[in-house]
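See below for the structure under consideration.
In this text, all values refer to a predicted model and were calculated from it rather than measured experimentally. Atoms within each ligand, like the ligands themselves, are counted from 1 in listed order.
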Amino acid sequence: MMNLPLNVDFTGKVVVVTGAGGVLCGEMAKAFAQAGAKVAALDLNEDAVKKLADECKAEGYVCEGYKANVLEPEALEAVHAQVLQDLGPCDILINGAGGNNPRATTDNEYQHEAKEGQKTFFDLEPNGVDFVFKLNFQGTLLPTQVFAKDMVDKQHGCILNISSMNAYIPLTKIPAYSGAKAAISNFTQWLATHFAGSGIRCNAIAPGFLVSNQNRKLLFNEDGTPTPRTAKILAGTPMNRFVESDELLGGVFFLCDDKAASAITGVVLPIDAGFAAYSGV
Ligand code: NAD
């Protein structure tokens with residue numbers, strides 16, 4: 001059993017979480033299940049969400065795992081129909097699937113430091129850039145098209161997107177991921193406005209620096225020692241530490257709670273140990 005950050009009751013709410021086979025959204029899915037929700041855990045990685053659902057069920061919570069590609073509208077419609085049958089209409093949608101790709105990442109922070117054989121800005125692959133924009137932006141838009149229909153029908157619901165620190169100011173090496181997450185923050189405001197009259201709130205969290213599958217190689221060398229990038233991150237973080245994944249849950253619960261956040265829509269909440277607040281001087 002997890003130690004939940006807020007005493008929030010999501011009993012009976014159907015919470016759809018994409019990317020629930022991953023580190024952060026798997027934890028969010030579990031937390032919602034423990035807080036009483038009926039959770040639909042969606043991911044490309046079917047084994048991961050089935051395992052998550054089994055773990056939740058073993059604790060007495062309600063969670064079903066579904067294989068779903070957030071980039072395939074027809075597959076999403078099929079999963080939606082299954083979720084309706086198994087759990088009911090969606091009350092809360094967490095658009096968690098996302099990430100970067102090495103094909104859209106440069107080896108160097110600065111062009112003038114590029115060495116022979118390294119991948120520079122000029123070597124970025126268009127299909128890698130497309131992949132990252134598609135996964136993060138379309139991968140948020142398409143599930144919202146499918147699951148927010150339930151919310152419009154009920155004139156009630158909540159959408160939570162996952163932005164990032166790089167949405168405020170781009171991080172070196174990852175131009176596509178930074179641009180795509182900036183688009184997510186922008187889209188969060190668009191959705192908040194578009195659905196305001198339909199009883200649907202839409203917000204985002206912007207997690208700071210966590211150690212996870214997608215960035216482990218940028219943060220630690222193969223022998224486990226920190227990279228120079230890690231030293232820079234910590235020097236730019238007033239609290240001088242990484243954020244732990246369970247520290248996202250308080251913000252997630254707060255923004256998804258109809259009572260606590262009843263008038264909050266269109267915000268992007270940084271959960272970053274102060275990174276976005278610090279100029280570096
Ligand atoms: P993760 O790689 O552990 O999880 C991502 C999950 O998304 C994986 O299980 C993967 O199978 C799934 N996925 C990928 N493509 C998919 C697709 N087309 N359809 C369905 N599922 C797909 O990553 P994470 O660190 O848990 O990140 C979760 C979210 O948080 C992402 O949107 C990420 O961009 C964002 N984020 C992460 C960090 C961080 O430091 N980890 C920081 C800021 C934002």
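The existence of a salt bridge linking Lys38 and Asp91 is excluded, since no basic side-chain nitrogen approaches an acidic carboxylate oxygen closer than 4.0 Å. Note on Lys149 versus Glu77: salt bridge recorded, some NZ/NE/NH1/NH2 to OD/OE distance being below 4.0 Å. A salt bridge is absent between Glu222 and Lys217; no separation between the charged side-chain nitrogens and carboxylate oxygens falls under 4.0 Å.
Between Lys181 and ligand 1, a contact under 3.5 Å exists for at least one N or O pair. Between Ile162 and ligand 1, not a single N/O pair is under 3.5 Å apart. Taking only nitrogen or oxygen atoms, main chain and side chain alike, Asn45 does not reach within less than 3.5 Å of ligand 1. Looking at ligand 1, you won't find any N or O of Leu135 less than 3.5 Å from one of its N or O atoms. Close N/O approach between Ser163 and ligand 1 is not found [any backbone or side-chain N/O within under 3.5 Å]. Checked against a 3.5 angstrom limit, the closest N/O atoms of Pro207 and ligand 1 fall outside it. The shortest N or O to N or O distance between Val23 and ligand 1 is under 3.5 Å.
Within a 6.0 Å radius of CD in Glu74, no more than 12 heavy atoms belonging to other residues, nucleotides or ligands are found.
Listed by chain and residue number, Asp258 satisfy the salt bridge (charged side-chain N to carboxylate O under 4.0 Å, His left out) test with Lys13 (two or more places apart in sequence, or in another chain).
Among Tyr177, Phe209, Phe242, the residue whose heavy atom sits closest to atom 34 (O) of ligand 1 is Tyr177. The heavy atom nearest to atom 22 (C) of ligand 1, out of those in Ala97, Gly26, Gly99, is found in Ala97.
Within the structure, ligand 1 has Gly96 among the residues with a heavy atom less than 4.0 angstrom away.
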Open item on the list: Before you tell me yes or no, could you show the steps for Cys63 and Lys57 under side chain to side chain contact (heavy atoms under 4.5 Å, CB included), namely the whole-Å CA-CA distance, both residues' side-chain angles and the distance that decides it to 0.1 Å?
Closed with: CA-CA 7 Å; Cys63 178; Lys57 285 175 187 163; 5.6 Å; no

